[in-house]
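Before any comments, here is the structure.
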Amino acid sequence: MSTALLEVEDLHVHFSVGRGRDRQTVRAVDGVSLRLERGQTLGLVGESGCGKTTTGLALLRLVEPTSGRVVFDGTDVRALSKRDLRAWRRRAAMIFQDPYASLDPRLPVGESIGEALDIHGLHQGKQARRDRIGHLLERCGLHPRVADRYPHEFSGGQRQRIGIARALACEPDFIVCDEPIAALDVSIQAQVMNLLNELQQDLGLAYLFIAHDLAAVQHVCDRIAVMYLGRIVEEAERLDLYREPQHPYTQALLSAIPIPDPVRERERERIRLEGDVPSPIDPPSGCRFRTRCRAVFDTCERIDPALQEVTDDHRAACLLHGEVGTPVTS
Amino acid sequence: MSSAPGPTPDHDVGEDAEVVLSVRDLDVSFGTKRGRASVVRGIDYDLHRGETLAIVGESGSGKSVSTLALTKLIPIPPGRVTGTAHLGATDLIALSEEELVRVRGQRIGFVFQDPMTSLNPVHTIGRQLTEGMRHHLGLSEADARDRAVELLAKVGIPSPARRLDDYPHQFSGGMRQRVVIAIGLSCDPEVLIADEATTALDVTTQAQIIDLIAELQADLGMAVVWITHDLGVVAGIADRVLVMYAGEVVEQAEAVTLFARPRHPYTVGLLASLPVLGDTERGDLAAIPGLPPAPTSLPPGCGFHPRCSFRSDERCATERPPLREVAPGHLVRSFYEVPEEQSRRASAAARIEIEPPDVRDEGVA
């Protein structure tokens with residue numbers, strides 16, 4: 001298991017806001033460790049503002065990490081020079097939530113895909129470039145002819161297919177999918193999920209699948225990591241996480257997801273999370289979830305729990321599983 | 001429409017309760033450069049006191065427009081609304097703009113998707129809350145403020161008296177939506193229309209808002225029309241469901257019946273394509289092929305036939321199917337019904353292999 005495609009250790013991304021005396025630090029990602037095997041999908045779930053998108057961007061250095069290690073197939077990504085980084089980015093691509101915002105409205109979609117080929121010098125001659133663009137579109141379920149059309153001429157689902165075709169242009173090993181289906185209609189979501197699945201089978205791609213829809217995540221992912229306020233609080237195999245959630249936050253999150261079956265949905269007990277997620281500028285001391293946790297006890301504010309293995313291949317950061325972590329120094 | 005008893009909802013509403021809103025043959029269309037776009041094509045429903053009716057559909061299905069049009073919250077022209085919509089004895093469609101002003105916000109309350117755009121960022125929430133009460137109920141400023149504090153407390157805003165002079169940006173997304181709900185309820189409406197009211201919220205906040213609306217509904221006895229694309233939410237809240245596609249109601253039934261035994265190929269397809277928590281399968285989802293039609297170029301015949309993988313023949317392509325009552329209270333607009341076995345297989349209930357974890361114990365499982 002030492003040949004993980006991607007290994008992330010203690011990743012931090014901090015942003016400064018305000019100036020002078022009002023200067024504060026937003027700890028968007030605050031000590032995230034992840035591991036992704038070749039050809040597999042890791043789900044990253046959590047509420048808005050938990051840092052999941054920033055984590056995805058930081059892995060590709062689309063925002064610069066503040067500290068931590070990102071090792072991709074033996075390469076230390078943070079140590080790459082600007083030039084080497086550009087070459088490395090061939091191997092890692094990204095798909096965004098809103099393909100309308102991520103495609104240039106003034107550029108025919110074929111050109112948006114072609115740009116990636118040009119930057120990395122991946123085609124020989126005009127005809128070869130055209131063929132390659134057509135092939136990529138076809139691979140994503142669109143007719144090669146649509147290369148000359150503009151983004152506004154497509155539906156949301158078709159635009160997401162174009163976004164996927166562009167991500168595939170450089171034959172990456174790894175794609176960060178940031179909420180790739182959240183903006184799509186229900187009947188189109190399944191089409192896009194099936195396409196991602198098919199491409200993974202055929203091309204051996206690894207995905208980091210960032211989403212808030214746990215039902216979709218459970219369907220497409222091998223493993224799932226749950227994020228809260230800049231930290232991973234639990235990580236496990238997809239069904240294991242659902243069967244035996246170990247962290248009170250995961251339990252609450254799972255119980256809040258509506259199940260499309262009125263009988264179960266009405267009988268079910270829910271854990272009601274009160275209040276809002278605290279600010280990442282001033283997270284609670286010790287365990288960050290303690291202010292909303294129903295199982296909180298006095299140690300929770302004094303020890304910052306470490307992500308530790310609680311059952312076989314299932315990790316959680318909660319003091320109920322043993323008081324392992326960093327004592328808070330005041 | 002129907003009078004035979006269906007599955008009993010979990011509270012006392014439905015067929016026996018008084019009808020508060022009765023919509024008949026509602027048509028909404030817009031004049032466009034490419035001709036008239038029929039966005040809503042003849043929908044009928046009755047909404048009973050205390051009932052929650054869910055209108056489900058994808059974008060462009062006409063689900064939002066069908067309720068916005070009731071109080072002419074769409075631009076007219078280019079919009080055109082025909083049919084009737086009786087709120088009590090009043091036909092809303094026949095009302096003038098001045099008369100509608102007295103209905104909107106007073107007899108019908110609204111909660112929209114995005115609280116940031118439905119609140120005015122330059123006014124305090126106190127002002128936005130009291131505006132309707134002063135106008136519709138004729139309250140003095142002091143009385144309206146007192147009631148505003150009560151309302152904010154009711155929707156679960158901590159220290160409401162202090163928050164009254166805050167601006168929308170000083171609230172979190174969930175709290176803002178609570179404010180919008182308080183505004184929607186401020187004049188004791190008979191009907192509350194919640195249009196994708198929880199779509200922009202996180203699931204944990206969504207659960208809070210759903211519980212809140214259900215509690216308020218039980219307290220106040222209002223009827224709720226809940227418009228959403230999220231079938232999970234519908235399963236939790238709805239007494240009855242209308243499924244819309246291409247401007248038409250394609251299926252209508254009690255929620256429990258609709259999820260257990262959907263009959264229209266579109267409803268079956270939609271349920272089958274959903275990933276469901278607790279379903280251990282990892283293979284392809286049963287996606288519905290193709291795209292919903294644009295309202296300017298609706299297919300002749302059945303609106304769904306170009307995407308229908310169940311059955312699509314000459315008749316489907318030429319003749320518009322009527323809405324038929326196939327079982328008491330269960331209406332389907334299709335020449336062909338999906339047979340029982342296939343329809344049950346599509347339901348989430350049949351696909352769940354792992355039950356939701358039991359959360360009644362405090363702490364860790």
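Both backbone and side-chain heavy atoms feed into the values below; hydrogens, waters and symmetry mates do not. In what follows, every chain begins at residue 1, and chains take the letters A, B, ... in the order their sequences are listed.
- Heavy atoms closer than 4.5 Å to chain A are found in both the backbone and the side chain of B:E355.
- Taking A:G49, A:A190, A:G157 one by one and counting their heavy-atom pairs under 4.5 Å with chain B, the maximum is reached by A:A190.
- Residues satisfying the salt bridge (charged side-chain N to carboxylate O under 4.0 Å, His left out) criterion with A:R268, sequence neighbours excluded, are A:E265.
- Heavy atoms of B:S273 lying under 4.5 Å from chain A belong to its backbone as well as its side chain.
- Electrostatic pairing of B:R282 and A:D222 counts as a salt bridge here, judged by a charged N lying under 4.0 Å from a carboxylate O.
- Interface check for chain A: of the options B:G278, B:A255, B:S347, B:A348, the most heavy-atom pairs under 4.5 Å are formed by B:G278.
- Minimum heavy-atom separation, B:L53 to B:V241: CD1-N, 4.4 Å.
- Comparing B:L231, B:L271, B:I352 by how many heavy-atom pairs each has under 4.5 Å with chain A, the most go to B:I352.
- With rounding to the nearest 0.5 angstrom, the CG atom of A:L307 is 11.0 Å from the SG atom of A:C318.
- Judged as a salt bridge (charged side-chain N to carboxylate O under 4.0 Å, His left out), and not counting sequence neighbours, the contacts of B:D211 are A:R272.
- Nearest heavy atoms, A:R290 versus A:P284: NH2-CB, 3.9 Å.
- When heavy atoms are compared at a cutoff of 4.5 Å, B:A207 approaches chain A solely by way of its side chain, counted from C-beta outward.
- Annotation: side chain of A:E235 is in contact with side chain of A:R223 (closest heavy-atom distance under 4.5 Å).
- Proximity to chain B (any heavy atom under 4.5 Å) is shown, for A:S48, by both the backbone and the side chain.
- Under 4.0 Å is where a charged nitrogen must lie from a carboxylate oxygen, and between A:E47 and A:R292 at least one such pair does.
- Contact record, A:F209 with A:P180: CE1-CG, 3.6 Å, taken as the closest heavy-atom pair.
- Neither the backbone nor the side chain of A:E198 comes within contact range of chain B; no heavy atoms are under 4.5 Å apart.
- Heavy atoms closer than 4.5 Å to chain A are found in the backbone of B:D279, but not in its side chain.
- Remark: B:R163 qualifies as a cation-pi partner of B:F171 under the 6.0 Å distance and 45° angle criteria applied to the six-membered ring.
- The distance from the CG atom of A:L254 to the CD atom of A:E234 is 8.5 Å, given to the nearest 0.5 Å.
- When B:L285, B:T280, B:L270 are compared by the number of non-hydrogen pairs under 4.5 Å with chain A, B:L285 comes out ahead.
- For a residue to count as touching a neighbouring chain, one of its non-hydrogen atoms must lie under 4.5 Å from one of that chain's; by this rule A:N194 touches chain B with backbone and side chain alike.
- Considering only heavy-atom pairs separated by less than 4.5 Å from chain B, the leading option among A:Q158, A:Q189, A:Q201, A:R243 is A:R243.
- Ranked by heavy-atom pairs shorter than 4.5 Å toward chain B, the options A:V277, A:V220, A:L253 are led by A:V220.
- Counting heavy-atom pairs closer than 4.5 Å to chain A, the top residue among B:P158, B:G283, B:G57, B:P292 is B:G283.
- For the options B:I288, B:L291, B:T204, heavy-atom pairs under 4.5 Å to chain A are most numerous at B:T204.
- Top candidate by heavy-atom pairs under 4.5 Å with chain A, chosen from B:L274, B:D230, B:I210, B:V203, is B:V203.
- Highest contact tally toward chain B, considering only A:C293, A:G141, A:A182, A:S187, is held by A:S187 [criterion: heavy-atom pairs under 4.5 Å].
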